[in-house]
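Remember, it's a predicted structure, so these values are computed and weren't measured experimentally.
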Amino acid sequence: MNAVLLLTALPVLWPMLTMLACIACAGRSRWQEGVAFAGAVGFVAITVALLAGLADGAAYVAHFGDWPAGFAIAFRIDRLGAAMLAVSALVLLAVLLYPARVDASGPVGPWSRPLLFGLMTGVGGAFSSADLFNLYVWFEVMLIAALGLLVQGGRAAHFEAGFKYLVLNLVGTVWLLVAVGGLYGVAGQLGFGQLAAVLPGSGQAALVTVFVALLLLALLSKAAAFPLFFWLPAAYPALPTPLLALFAGLLTKVGAYGVMRVVGEIAVPVAQPLLPALGWLAVLTMLAGVLGAAWHWDMRRVLAFHIISQIGYILLGVALGSVAGLAAALFYTLHHIVVKANLFLIGGLMRRCGGSFDLRRSGGLSVTRPALALLFALPAASLVGVPLTSGFWAKYLLVRACFAQGAYAWGGVALLVGALTLYSMSKVWIEAFWRRPEAPAAAVVPLPWRAWVACGALAAITLAIGVYPQTLIAFAEAAVADLALPNGGGR
Amino acid sequence: MHATPAVHPPLAAWVRFAWLLPALLFALALGNGRWPLGVEFAWVAALDVAVAFHIDGLSRLFVLLITGIGALVLFYAPAYLAGDPRLASLVRLLLAFMAAMLGAVCADDLVLLFLFWEATSVLSFLLVGFDHEKPASREAARQALLVTGGGGLVLLAGLLLLLEAAPGLRLSTLSSLDAATVGQPLFAAGVALVLVGAMSKSAQFPFHFWLPGAMSAPTPVSAYLHSATMVKLGVYLLARFDPALSGVLSWWADALVAIGTLTAVWAAVLSLRERDLKRILAWSTVSALGTLTLLIGLPNEWGALAFAIFLLAHALYKAPLFFVAGNVDHATGTRSIDRLRGMRRALPLTATAAVLAGLSMAGLPASLGYVAKDVMSIAKSLSEPMWLVGAASVVVSAVGVAVAAVAALRVFFGPADGPPLAADGQGVSLRLDLPPLLLALCGLLLGLFPAWAEPVLLEAAGVVAPRLAGALPVLGLVDGPRLGGVAIVVALGAATYGCWDRFHLLLERLRPLDAFGPAAGYRLALRLVKSGGALVGRRMQNGRTGFYLCVSVLAVVALAAPLLPPPRWSATALDGADLGFAAAAALAVVGAVSAVAARDTLARLLAAGLVGVACAMVFLFRGAPDLAFTQLVVETVFVVVAAVALRRHRPLSPPPRVGALRAAVAVAFGALLGGLTLAVQQAPPDTQLSQFFLGASLPQAHGRNVVNVIIVDFRALDTLGEIAVVLLAAVAARPLVAALRGADAATAGRSVILAHAVAFLYPLMLFTAALVLLRGHNAPGGGFIAALLAVSASAAIALVFGPAAARSRLPLAPPALAAAGLVLALLSGLPALLLGQAFLTHQWGEITLGGFSFAFSTVLLFDLGVLCCVWGALAGFCLRLLGEGR
């Protein structure tokens with residue numbers, strides 16, 4: 001038994017096995033719940049083991065089927081991938097700990113947990129794979145599992161959400177497939193490393209650029225960037241709270257991760273002329289997202305649009321193409337997954353206590369639920385970027401990197417969007433926590449302890465990063481330094 | 001905040017004694033320590049951010065203000081909010097705020113400074129909105145947060161630029177920067193942004209409007225945040241930067257003078273408009289902040305000294321006046337100067353405090369206010385003659401006198417007309433009167449004996465103007481001419497006081513001009529955000545899938561098409577395969593166009609199937625019979641099952657007609673993909689990978705059918721993912737199918753001959769599937785194709801005998817069969833892991849048993865897994881679609 005080879009395959013094998021185990025006890029809900037929880041704990045353990053083994057900066061590599069490098073599908077889990085895996089596992093654990101029916105936002109049938117682990121299989125594969133077509137396969141796994149989860153509710157609203165999600169994402173998948181096929185056609189290779197070596201000197205510079213652009217666009221549609229984000233606000237609000245938190249935390253970030261890989265590793269010199277366009281798309285994404293969020297009154301839609309806005313920040317870091325930029329993007333991604341998932345989980349608690357996701361029909365929670373107010377305040381402040389939360393350092397790193405490369409306009413917009421995020425979150429606070437509710441307050445229902453633990457733990461992570469960011473910043477810089485990067489080291 | 005519950009909740013003792021903590025700190029700061037004092041701890045090394053504090057004379061003056069007034073505010077608060085259950089949370093917030101303020105004025109590291117700065121903004125939001133059940137409080141809190149928080153982001157941008165221009169910059173190293181560094185445009189831009197940030201915090205024009213609104217906060221908060229401490233943070237920062245910049249950056253001093261003067265005059269004039277005592281005081285605070293900014297901008301040392309004295313004097317008279325306003329409000333329930341008259345009888349001690357503070361505010365001799373005015377006039381007279389600034393200061397001072405008179409005389413000594421107040425009020429205890437009295441007395445004592453304050457003030461001024469090395473004359477020298485100046489100002493102030501109500505009416509008439517003021521700018525910005533939000537949230541995200549699709553596709557075409565290389569046309573002779581290829585392409589076009597044009601659902605389904613058939617033909621002519629067969633079976637099964645299902649279920653409404661724009665977008669997208677395909681075809685292919693597959697297939701992977709070897713061995717992981725997709729798709733489809741199923745799904749009109757034929761064919765087809773599976777590694781076939789055959793068999797049974805019959809003939813229930821298939825595929829990869837090889841490394845072996853040798857391989861297991869998974873998933877889907885399991 002080769003521990004390295006086993007560990008490298010586990011990000012896919014483990015969730016897949018958990019999925020099968022969940023199918024095996026599809027009729028017994030409590031069993032299935034236990035199996036799923038154990039699966040999440042195991043996934044966390046696997047990612048911790050992966051991270052522990054990567055302290056010195058090497059990578060876990062496996063060539064499946066033991067075919068030679070370049071001809072086999074390879075998994076290559078470096079610090080970038082391992083960090084994404086770890087934070088995904090963490091969010092999964094929190095989501096499974098959170099009671100499934102806390103806010104009556106949707107039933108959970110016997111097939112939700114198998115689909116959930118199907119989704120995690122795709123996520124695990126996407127963060128581990130070093131093969132472009134294989135990456136496409138994992139995106140497909142995610143797509144179909146996500147679709148399944150969207151329609152599990154079985155009502156018309158779920159089907160509508162699922163339909164929009166399917167149609168718009170299928171188109172993105174087509175772009176992805178065309179780009180992968182095209183690059184394979186030009187380069188004759190699919191491995192990340194092989195493509196990186198072959199693409200710059202392929203003699204088909206123009207064609208390669210088109211396909212890289214198409215690849216980036218496909219990934220941007222998965223990341224819900226402007227103007228390819230329509231599927232996200234259309235689909236997400238139909239999900240029950242815990243699933244919504246998982247989707248919000250993870251799915252778009254897989255797309256953003258893909259963009260990081262393409263820009264920083266697969267198509268390093270080819271992507272460089274595309275970076276300014278990527279940066280401006282990121283700027284538009286930030287603005288469109290935050291404006292949409294400021295406009296909405298439904299907590300889920302507010303937060304859904306904030307996902308888009310925050311994706312803009314991440315993409316902006318990638319568009320800088322430097323160590324500082326990508327490190328900022330990675331830091332941002334890791335912090336944001338935790339924050340965003342937590343905000344949706346807390347949103348479910350707010351729904352339960354306040355009676356509605358609609359801010360206009362909620363209110364008074366700071367009086368009736370002071371602890372919930374505190375719990376909400378932390379990730380909300382982090383989303384805005386208030387100091388001593390993780391979000392502050394994320395924005396600080398990003399704007400600093402922008403300014404260091406002379407991208408003052410980008411950095412300025414990033415700060416402006418911070419102010420607009422402040423506007424949006426203060427609106428949520430004022431409406432849901434401060435305003436006296438129109439209807440007389442209902443009896444204070446107790447909140448399940450599991451919800452407190454899940455949300456509290458995620459909030460504690462946010463605070464811990466905020467108070468002592470040094471470790472994570474150093475990690476992000478080291479993780480990104482392994483990549484080749486178009487704009488070089490910078491600082 | 002005037003809630004008077006019948007039963008006072010038990011109050012934690014610490015709330016009553018919380019004031020001791022700042023008092024202790026005050027004593028510590030007052031004691032003669034060694035200044036400057038510096039401490040530093042490492043924090044975020046990666047960003048060169050440290051927990052570094054540097055406490056010099058300027059910081060010390062602020063620390064004294066923060067702790068001294070903080071102690072009195074905390075002393076005052078429990079009495080002010082007596083019986084209010086939220087008192088403890090107010091005290092907690094005030095303590096947190098005090099800590100943030102102390103951090104901000106002591107921080108040396110720029111990022112640390114920003115951290116505390118933002119903390120004060122957030123805490124002030126919570127404090128201003130303390131009475132959050134009132135809409136006005138919420139709106140004021142939001143306005144304060146957005147203006148100071150937004151300003152904070154500008155400050156952050158400025159600090160980042162400064163750090164970019166001068167790496168490692170600290171506040172304590174500002175003054176040692178060389179002129180070259182300060183002269184960089186980047187540095188100047190950073191300074192400009194810092195200036196804007198400081199202006200927003202200190203309510204300088206045009207950001208001043210948030211401060212009067214913030215008066216909806218409880219009085220202890222207003223006294224503390226909005227007169228004595230937080231609003232002075234911006235001025236503090238300007239004073240910090242001034243020594244490094246004045247004389248180096250040409251515009252710096254002028255900008256400060258201009259902004260300060262404008263703010264001071266503007267706010268002074270607007271204070272005349274108010275009728276609410278607290279709002280009057282708030283405007284006069286804005287005016288004072290403008291004066292402070294102006295003083296920093298004055299180029300001589302006297303300006304720095306005047307700054308320090310006025311800072312202290314203002315705190316010592318304005319905070320008591322806020323306490324006074326709070327006491328009056330507490331006693332009467334109103335703060336309107338129209339209703340408040342003759343309060344001296346009801347509140348004698350408060351009246352005393354008001355008069356004492358008013359003396360200093362008016363700048364009458366023997367008060368610290370007088371000393372401040374005195375030094376100020378020296379500073380101004382030493383500067384270049386700026387008559388505008390001089391005139392402005394007369395106006396500002398005169399209005400200051402008038403405001404002092406309103407707060408001290410009008411409220412307490414005017415004739416008591418109208419019904420007596422204090423109907424709904426509470427008594428004012430000594431605990432409420434002591435803080436204003438103490439502060440006001442301090443203001444007078446220091447006016448009489450300025451030397452007591454001299455060390456602290458000179459030290460602070462010395463930081464702002466380093467040349468001011470203790471060589472100044474003793475403070476408080478009263479000489480004739482300046483006394484005359486005071487007399488003029490007092491006379492003007494008295495006149496203003498006399499005409500207060502007339503000024504009020506005049507300014508009220510000008511109120512329509514507010515539509516062009518900065519507050520209107522704030523409202524405009526909010527409206528812009530809302531309309532921008534509507535653009536995104538409603539106009540773009542309009543719920544129409546077709547629109548989404550159109551925009552997305554158009555965006556991709558627009559972004560990718562310009563990068564497309566120009567097409568190169570080449571004519572090559574067509575051979576037979578090419579002709580077949582062309583026919584397939586034509587078929588695909590016909591199918592696609594008919595699918596769009598057809599009005600009938602069934603016709604559309606068939607037309608779409610035609611495209612699939614065309615694809616199969618392409619595969620066939622390109623030498624991939626496996627793929628061609630797979631594609632054909634998939635299309636056939638899908639079309640047949642879907643057609644049957646559609647016929648049985650409720651009819652679908654015909655689709656809307658395709659508009660010209662959408663057609664154009666679709667064609668453009670098709671053209672892009674076509675162009676790309678063409679371009680790839682023309683590029684010389686790199687066949688390294690395919691050559692390897694061809695070469696290694698037989699000798700190393702033991703299979704002649706390269707397509708199958710790729711599927712089950714070379715890229716088995718992809719296949720594993722894909723069969724997982726099939727399994728997940730079947731699971732995902734369950735609710736969809738459940739919703740689609742109609743009421744009646746009984747098989748009608750079964751033909752006997754057909755039934756016999758199908759019953760006979762079923763085992764035959766399964767047998768064929770098994771054969772196809774077994775031979776697949778070497779000849780066209782394999783798990784996928786076998787599965788499709790099996791699915792066809794199941795579907796045929798279901799169509800003829802009903803889904804239940806088909807299900808009973810499956811080896812396992814469909815989901816279990818699919819899951820078992822995935823398990824088999826996974827199992828086939830595990831032996832390799834146990835042997836220390838990579839997952840999915842296939843094992844080959846041979847067993848000789850009684851003369852026969854059986855070759856076996858995990859490859860077969862994998863392919864069997866594919867078969868079971870696809871069969872189970874698709875059969876399950878078809879059966880449910882045809883009505884099974886209801």
Side-chain angles (χ1 to χ4, degrees), chain A residues 1-2 5-6 9 20 23 62-66 71 73 111 115 118 134 137 140-141 144-145 147-148 151-152 154 164 167-168 182 185-188 204 206-207 209-210 213-214 217 227-228 230 233 288 291-292 294-296 386-387 400 403 415 418-419 422 426 430 434 436 469-470 473-474, chain B residues 44-46 115 118 122 132-133 138 142 145-146 149-150 153 157 160 164 529 532-534 536-537 541 545 548 551-552 555-556 560 563-565 673 676 679-680 683 686-689 692 713 715-718 721 724-725 728-729 731-732 735-736 819 822-823 833-834 836-841:
Chain A
M1 178 92 79
N2 184 328
L5 290 175
L6 176 67
L20 289 166
I23 292 178
H63 296 104
F64 293 103
D66 261 351
F71 302 108
I73 296 175
W111 297 101
L115 285 165
N134 191 243
V137 170
E140 223 183 323
V141 171
I144 208 75
L147 174 69
V151 298
Q152 282 303 299
K164 286 173 178 164
V167 169
L168 295 166
V186 176
Q204 299 283 335
L207 202 52
T209 310
V210 187
L214 199 59
L217 283 167
L228 311 169
F230 299 107
L291 286 174
W295 187 75
H296 272 289
V386 175
R400 182 172 175 262
F403 285 179
L415 288 173
L422 179 67
S426 68
I430 286 171
W434 269 3
R436 192 204 295 265
Q470 169 67 24
I473 295 174
Chain B
V44 193
L115 192 150
E118 286 295 83
V122 172
H132 49 73
E133 307 217 318
R138 298 197 295 267
R142 174 157 81 167
L145 179 70
L146 291 181
L153 291 176
L160 276 164
E164 202 59 49
V529 169
V536 175
Q541 194 75 32
T545 314
Y548 299 163
V551 171
S552 302
V556 167
L563 301 166
L564 205 61
L673 292 195
L676 282 172
V680 173
D686 183 325
T687 55
Q688 203 186 350
L689 197 55
F692 170 81
D713 197 340
R715 298 193 67 90
L717 190 67
D718 286 344
V725 168
L728 289 168
V731 174
L736 281 170
L822 194 56
V823 169
L833 275 177
L834 295 175
Q837 295 166 324
F839 179 58
L840 285 174
T841 306

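- A:Pro387 and B:Leu115 get closest at one heavy-atom pair: CB-CG, 3.6 Å.
- Checked by atom type and distance alone, the side chain of B:Gln837 never pairs as donor or acceptor with a backbone atom of A:Gly65 at under 3.5 Å.
- Of all non-hydrogen atoms in A:His296 and B:Gly537, the two that sit nearest each other are NE2-O, 3.9 Å.
- Counting heavy-atom pairs closer than 4.5 Å to chain B, the top-ranked of the candidates A:Ala474, A:Gly154, A:Ala62, A:Pro227 is A:Pro227.
- With a 4.5 Å cut-off on non-hydrogen atoms, B:Leu673 touches chain A through its side chain but not through its backbone.
- Highest contact tally toward chain B, considering only A:Ala419, A:Ala288, A:Gly148, is held by A:Ala288 [criterion: heavy-atom pairs under 4.5 Å].
- One distance of note links CG of B:Leu840 with CG of A:Asp66; it measures 10.5 Å at 0.5 Å rounding.
- Residue contact with chain B, scored on non-hydrogen atoms closer than 4.5 Å, involves the backbone and the side chain of A:Ile73 alike.
- Ring planes of B:His132 and A:Trp434: parallel class, angle under 30° (limits at 30 and 60°).
- When heavy atoms are compared at a cutoff of 4.5 Å, A:Leu217 approaches chain B solely by way of its side chain, counted from C-beta outward.
- The minimum heavy-atom distance linking A:Arg400 with B:Glu164 is given by the pair O-OE1, 4.2 Å.
- Of the atoms belonging to A:Glu140, heavy atoms from both backbone and side chain fall under 4.5 Å from chain B.
- The greatest number of non-hydrogen atom pairs below 4.5 Å with chain A, out of B:Gly149, B:Gly150, B:Ala732, B:Gly533, is found for B:Gly533.
- Going from atom CG of B:Leu834 over to atom CG of A:Asn2 covers 11.5 Å, rounded to the nearest 0.5 Å.
- Considering only heavy atoms from C-beta on, B:Val556 comes within 4.5 Å of A:Leu228 through its side chain.
- In terms of non-hydrogen atom pairs under 4.5 Å with chain B, the most contact-rich of A:Leu168, A:Ile473, A:Ile23 is A:Leu168.
- The parts of B:Ala534 that come within reach of chain A are both its backbone and its side chain, each placing non-hydrogen atoms under 4.5 angstrom from that chain.
- Closest approach of A:Gly185 and B:Val680 over heavy atoms only: CA-CG1, 4.0 Å.
- Scanning both residues, B:Val529 and A:Ala294, for their nearest heavy atoms gives CG1-CB, 3.8 Å.
- Ranked by heavy-atom pairs shorter than 4.5 Å toward chain A, the options B:Leu145, B:Leu564, B:Val122 are led by B:Leu145.
- Within the 4.5 angstrom heavy-atom criterion, only side-chain atoms of A:Leu20, from C-beta onward, approach chain B.
- Among A:Leu422, A:Leu147, A:Leu291, A:Val141, the residue making the largest number of heavy-atom pairs under 4.5 Å with chain B is A:Leu291.
- Closest approach of B:Leu153 and A:Gly418 over heavy atoms only: CD1-C, 3.8 Å.
- Heavy-atom pairs under 4.5 Å with chain A peak, among B:Asp718, B:Asp713, B:Leu563, B:Val731, at B:Asp718.
- Proximity to chain B (any heavy atom under 4.5 Å) is restricted, for A:Val386, to the side chain, taken from C-beta onward.
- Using a 4.5 Å heavy-atom cutoff, the side chains of B:Leu689 and A:Phe71 are in contact.
- From B:Thr545, atom OG1 reaches atom NZ of A:Lys164 across 4.5 Å, with rounding to the nearest 0.5 Å.
- Contact annotation for A:His63: only backbone heavy atoms (N, CA, C, O) come within less than 4.5 Å of a heavy atom of chain B.
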